[in-house]
Amino acid sequence: MRLGIFSDVHANIEALSAVMEAYRQESIDEFYCLGDVVGYGASPNECADIIRNKAKVTILGNHDAAVAGRMDYSYYYEAARHALDLHARRLKPENMEWLESLPYRHDLEPHGVTLCHGSPVRLEEFEYIFAPEQARECLPILEDLGDITLIGHSHLCKVFAMRPGEVEELPARKFQLKDGYKYIVSVGSVGQPRDYDNRASYTIFDTDTREFEFKRVEYDIESAAMKIFEGELERNFGHRLFIGV
């Protein structure tokens, strides 16, 4: 089975549309979204509508939780809080109800896959994993994780191979799972990449061959940014799309 896994769309319909079109060439059997459907961008309802229809499971992201009233985001910086408040006002009732129902974690047990938004250690804290020392915090719960744990949140593409007492960071490129190891993989961001590559990030995991692959696709950044510039959102949310940071 070929799984299409993506994350951190952040209300960027142009990026999401490009990713969905790219996936059409990949013979995907099931789609999974790792959260942060909303926040930052100009098209929260359009993105929520597509993901609700396409993804078999969507995981709760921190921006989703904030918009749905499931977490305190008073400590977020002002522009981010403003975007979340705006999206909360604009979301259709059915999309708000959907965000309110999303799980923190989902396990595809037959395939050895764990899905969550941030670190699996303290799910409701939405902690980052973008360095080996952060991945190391998962060693005590290694037995509770699938063969591969897929996360978002950092907007970076990262791979960590783990076994008891050991964490090794691997290049973020196509790889095959090895016996005796478990993996934590950060899948990057569809709608707001932060690795200085402005193309939308999406991934594929083949449960039969045990191969995981990172993919990128160009999208209409100018249109996505112009919607931000013309709306009530912080202009930097549009500027950063051009440089991928």
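Since we're looking at a predicted model, the values are computed, not measured. Excluded from the calculations below are hydrogen atoms, water molecules and symmetry mates; all remaining heavy atoms, backbone and side chain alike, are included.
- With a 4.5 Å cut-off on side-chain heavy atoms, I13 and I50 count as touching.
- Of all non-hydrogen atoms in P103 and V57, the two that sit nearest each other are CG-CG1, 4.4 Å.
- With D36 contributing its side chain and N62 its backbone, the two residues share a donor-acceptor pair below 3.5 Å.
- If you check the side chains of H155 and H10, you find a donor sitting under 3.5 Å from an acceptor.
- Using a cutoff of 4.0 Å between basic side-chain nitrogens and carboxylate oxygens, K227 and E46 are not scored as salt-bridged.
- Without hydrogens or angle criteria, S17 side chain to E14 main chain gives no donor-acceptor distance under 3.5 Å.
- Interatomic distance, CG of L3 versus CG of L150, reported as 8.5 Å (0.5 Å rounding).
- For the pair L102/L99, a side-chain contact is recorded, criterion being any heavy-atom separation below 4.5 Å from C-beta on.
- Between G152 and S186 the shortest heavy-atom distance is O-OG, 3.9 Å.
- Salt-bridge annotation for R194 and D8: absent, with no side-chain N of the basic residue lying under 4.0 Å from a carboxylate O of the acidic one.
- Under 3.5 Å, the side chains of R52 and N95 contain a donor-acceptor pair of N or O atoms.
- Linking Ile, Leu, Val, Met, Phe, Trp and Tyr whenever their side-chain heavy atoms come within less than 4.5 Å leaves Y196 and V190 in two separate clusters.
- Hydrophobic clustering (side-chain heavy atoms under 4.5 Å, transitive across Ile, Leu, Val, Met, Phe, Trp, Tyr) keeps Y202 apart from V187.
- At distances below 3.5 Å, at least one donor-acceptor pair connects side-chain atoms of T203 with backbone N or O atoms of I5.
- Between M1 and E30, the closest side-chain pair of non-hydrogen atoms falls below 4.5 Å.
- Expressed to the nearest 0.5 Å, how far CG of D64 lies from CD1 of I51 amounts to 8.5 Å.
- Of the possible polar contacts, none joining the E26 side chain to the I28 backbone as a donor-acceptor pair under 3.5 Å is found.
- Contact of the I129 side chain with the C138 side chain is registered, since non-hydrogen atoms from C-beta on lie closer than 4.5 Å.
- For the pair L139 and E166, the tightest heavy-atom approach, listed with the atom from each and the gap, is CD2-O, 3.8 Å.
- T114 places no side-chain N or O within donor-acceptor distance of the main-chain N or O of L145, the cut-off being under 3.5 Å.
- Here H87 contributes atom NE2 and S43 contributes atom OG; the two are 8.0 Å apart, rounded to the nearest 0.5 Å.
- Looking at K54, its side chain never comes within 3.5 Å of a backbone N or O of F31 through a donor-acceptor pair.
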Point to revise | Criterion salt bridge (Lys or Arg N to Asp or Glu O under 4.0 Å) on R24 and E21, from CA distance to verdict | key: CA-CA 5 Å; R24 291 181 61 184; E21 181 63 28; 3.2 Å; yes
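- A salt bridge is absent between E78 and R81; no separation between the charged side-chain nitrogens and carboxylate oxygens falls under 4.0 Å.
- Among the candidates C47, S7, P44, the single residue satisfying the side-chain contact (heavy atoms from CB on, under 4.5 Å) test with V37 is C47.
- Relative to the six-membered ring of Y104, R70 meets both conditions, a distance below 6.0 Å and an angle of at most 45° to the axis.
- The residue from F160, F212, F214 that alone fulfils the ring-ring contact (aromatic ring centres under 6.0 Å, His included) condition with F175 is F212.
- Using the six-membered ring where Trp is involved, F126 and H117 have ring planes that are perpendicular, over 60° apart on the 30 and 60° scheme.
- The closest donor-acceptor contact from the side chain of D29 to the backbone of R2 lies under 3.5 Å.
- In this structure a side-chain-to-backbone donor-acceptor pair under 3.5 Å is present from N45 to K92.
- In this structure, Y219 OH and N198 CG are separated by 7.0 Å, a value rounded to the nearest 0.5 Å.
- With hydrophobic clusters built from ILVMFWY side chains whose heavy atoms lie under 4.5 angstrom apart, L91 shares a cluster with M71.
- Around atom CD of E100, more than 12 heavy atoms belonging to other residues, nucleotides or ligands sit under 6.0 Å away.
- Put simply, the side chain of F130 does not reach to within 4.5 Å of the side chain of H153, judged on heavy atoms.
- Scanning all heavy atoms of the two residues, the minimum distance from Q192 to S189 falls at N-OG, 2.9 Å.
- A distance-only check finds a donor-acceptor pair linking the side chain of R216 to the backbone of R199 [under 3.5 Å].
- Looking at heavy atoms from C-beta onward, T149 lies in side-chain contact with C116 at the 4.5 angstrom threshold.
- R163 places no side-chain N or O within 3.5 Å of a backbone atom of Y181 that could act as its donor or acceptor partner.
- At a threshold of 4.5 Å between side-chain heavy atoms, the hydrophobic network of Ile, Leu, Val, Met, Phe, Trp and Tyr places I59 and I204 in two separate groups.
- When the shell of 6.0 Å around CD of Q176 is examined, it contains more than 12 heavy atoms from other residues, nucleotides or ligands.
- Dense packing is recorded around CD of E94, with more than 12 heavy atoms of other residues, nucleotides or ligands lying under 6.0 Å away.
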